[in-house]
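Only one structure is covered here, and it is reproduced in the block below.
Here is the naming used below: chain letters follow the sequence lines, and residue numbers restart at 1 for every chain.
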Amino acid sequence: MSLLSVRQLVKRFGGVLATDHLDLEFQAGELHAVIGPNGAGKTTLINLLSGELPSTQGSIVFQGRDITQLPVDARALRGVARSYQVTSVFTEFTAAENVILAVQARSGHSFSFWRPVLADRSLREPALEMLATVGLLRLADERVCNLAYGECRQLEIAMTLAMQPKVLLLDEPMAGMSQRESQSIVDLLLRLKGEYAIVLVEHDMDAVFALADRISVLVYGRCIATGSAENIRSSSEVKAAYLGGEETTL
Amino acid sequence: MADHDNYTRTRWLAPAFVVAALALLPVAAHWTGQTYYQVIGTRIMVFALAAAGLNLILGFGALVSMGHALYLGVGAYSVAILSHYGVSSGWIHLATALAISTACAFVIGAVCLRATGVAFIMITLAFAQMFYFLAIGLRAFGGDEGLQISLRSRFGPLDLSDATTLYYVAFAVLMLTLVAMHRLVHARFGLLLRGVKNNERRMRALGFPVRRYQLVAYVLSALVCTMAGLLLANLTRFASPSYMAWNVSGELIVLVILGGLGTVIGPVVGAGVWIVLEETLTSFGLGLPNDGDAWMREHWLGFLGLLIVWVALSMRSGLYGSLVRRRGGTER
């Protein structure tokens with residue numbers, strides 16, 4: 001049985017069908033890339049999976065349990081963690097505090113009014129470990145507003161990892177990054193692959209083909225093909241719908 | 001590193017100065033024979049306490065409550081009504097006030113937190129107005145004329161009818177609240193609240209059931225205001241519906257913003273500056289030429305309005321916040 005699956009999932013924005021009776025299966029330990037032209041409904045899919053958008057119809061099943069009605073925070077605690085297309089971190093906090101919050105979310109309730117967070121090793125140590133994983137340890141006590149763009153993206157990945165997720169929903173983690181920064185994210189994802197199920201929405205086709213175990217192609221909210229990188233690369237239907245377009249080079 | 005040393009020094013000096021000034025004020029007042037200053041000092045601390053309560057959700061949680069005077073009223077009326085029936089035990093006053101306030105704040109907070117932004121402001125205001133008119137309707141307890149308090153709260157050997165005792169009780173409550181607030185802000189709960197203020201969407205995505213925590217913050221903030229209400233009733237020997245009027249809620253917001261949103265000491269500075277200026281402009285002759293004193297007595301609010309505009313425009317983190325701010329950041 002797959003870790004996360006959607007069945008006949010529909011999302012309607014007024015008259016626009018952003019997600020059109022979608023059936024997808026995400027397996028444990030697999031890096032599953034979702035590609036498609038702009039407006040294909042990739043980010044909508046991530047929002048539906050994470051719970052930020054309620055679906056119009058259909059169901060989402062995670063670890064055998066229907067989570068379609070669960071709010072964002074309950075899904076996050078069950079192990080569905082996401083990053084955003086537009087970096088979403090706590091700009092007023094230090095990098096360490098950002099990750100500490102992610103650890104804190106997983107470590108029971110936060111009705112603690114007296115003990116300073118920064119002196120709490122059960123929070124700080126795992127947080128620093130995650131910062132080390134993404135290569136930001138030296139910037140732990142730097143305020144996030146002083147970090148470079150690429151560093152913020154890495155920080156966001158550290159936060160999602162600190163949530164001890166079962167599945168990572170990564171919405172264009174390489175958007176706006178330089179070649180070198182992108183490469184460091186690719187290296188990072190290669191290391192994380194297998195440990196987590198990863199749903200990767202990405203426009204950088206080199207990265208997608210280097211990383212993905214399985215690729216699904218979305219066009220107008222429908223999945224027109226799912227398969228291994230080789231299958232997708234050679235599929236004529238996919239070429240016609242998407243890969244043949246002038247924006248991408250293979 | 002000179003900058004850093006400077007910063008550390010103001011960081012400790014400024015609060016130490018505020019605490020020392022408040023601790024020594026009665027001594028100075030008695031020495032100079034001007035005990036009226038002690039009354040002003042008590043009033044400053046009472047409103048500082050209320051503003052500190054509001055600051056918990058306004059400054060650290062970014063929840064703009066336009067109805068916190070309601071809890072000031074609950075505190076004041078608990079003392080007034082119990083005294084009316086001959087109960088003078090401060091402990092009973094306090095327990096009643098806190099119990100009623102907790103119940104009200106849980107219900108009101110739960111309703112208000114279903115809304116955000118302007119809607120939240122309007123609903124908090126609506127609840128406060130409801131209680132304001134409820135108090136006016138309480139004919140048995142003075143209606144719109146308010147209720148005189150004959151018996152003030154007595155906590156064991158501490159009798160709040162003594163002005164100096166009241167002063168130091170208010171001082172102690174304020175200091176304990178500020179210390180607790182400082183700890184809270186840096187504990188898990190405070191980090192969570194500040195996180196919601198900074199990026200609520202991210203907090204939900206991390207797995208925090210945000211509303212639950214905001215509700216607890218709202219109740220805590222209401223309880224602090226209730227204690228301020230209890231002290232206020234003991235200071236004025238009076239409870240009046242006007243304590244719950246919407247302009248009082250507005251004034252609390254002004255005190256927080258004037259002193260510094262999201263700083264622990266800010267509300268104290270805000271209350272101090274506001275009340276000292278109010279007293280100076282309305283009660284003391286400034287010796288202005290051309291009958292300027294009379295003019296000032298009439299238009300002092302306009303003058304303070306200009307001050308608010310200036311602070312709001314030029315100091316993002318208020319008077320106290322700007323004093324101790326770290327370079328390129330905010331101070332708490």
**OP:** Let me know if A/Ser107 has heavy atoms under 4.5 Å from chain B in its side chain, its backbone, both or neither.
**Re:** both
Subject >> Contact winner vs chain B - A/Gln104, A/Arg115, A/Arg78, A/Met163, heavy-atom pairs under 4.5 Å >> reply: A/Gln104
Original post:
Non-hydrogen atoms of chain B under 4.5 Å away: do they reach the side chain of A/Thr91, the backbone, both or neither?
Top reply: both
Original post:
Measuring heavy-atom distances to chain B, does A/Ala81 have an atom under 4.5 Å in its side chain, in its backbone, in both, or in neither?
Top reply: neither
**OP:** Give me the one residue out of B/Val196, B/Leu191, B/Leu206 that meets side chain to side chain contact (heavy atoms under 4.5 Å, CB included) with A/Phe90.
**Re:** B/Leu206
Subject >> For A/Ser83 against B/Arg202, the heavy-atom pair lying closest together >> reply: CA-NH2, 3.8 Å
Subject >> Nearest-0.5 Å distance, NE2 of residue B/His186 to CG of residue A/Asp120 >> reply: 14.5 Å
Subject >> Interface residues of residues 173-181 of chain B facing chain A - non-hydrogen atoms under 4.5 Å apart >> reply: B/Val179, B/Ala180
Subject >> Atom pair CZ/CZ of A/Phe93 and B/Arg194 - distance to nearest 0.5 Å >> reply: 5.0 Å
Original post:
Under a 4.5 Å heavy-atom cutoff, which of B/Arg201, B/Arg204, B/Arg212 has the most pairs with chain A?
Top reply: B/Arg201
Original post:
Is the number of heavy atoms from other residues, nucleotides or ligands within 6.0 Å of CZ (A/Phe111) greater than 12?
Top reply: yes
**OP:** I would like to know whether B/Leu184 and A/Phe113 meet side chain to side chain contact (heavy atoms under 4.5 Å, CB included); could you show each step before the answer?
**Re:** CA-CA 4 Å; B/Leu184 181 153; A/Phe113 302 96; 3.7 Å; yes
Original post:
So how far is it from A/Asn98 CG to B/Asn198 CG, rounded to the nearest 0.5 Å?
Top reply: 8.0 Å
Original post:
Roughly how far, to the nearest 0.5 Å, is the CZ atom of B/Phe189 from the NE2 atom of A/His109?
Top reply: 11.5 Å
Original post:
Do other residues, nucleotides or ligands put more than 12 heavy atoms under 6.0 Å from A/Glu142 CD?
Top reply: yes
Subject >> Stepwise side chain to side chain contact (heavy atoms under 4.5 Å, CB included) test for B/Met203 and A/Leu101 >> reply: CA-CA 8 Å; B/Met203 287 299 282; A/Leu101 264 175; 3.9 Å; yes
Original post:
Shortest non-hydrogen contact from B/Ala205 to A/Glu52?
Top reply: CB-OE2, 4.2 Å
Original post:
Which pair of heavy atoms, one from B/Ala187 and one from A/Val117, lies closest together, and at what distance?
Top reply: C-CG2, 3.2 Å
Subject >> Euclidean distance, A/Ser112 OG relative to B/Arg183 CZ, rounded to 0.5 Å >> reply: 9.5 Å
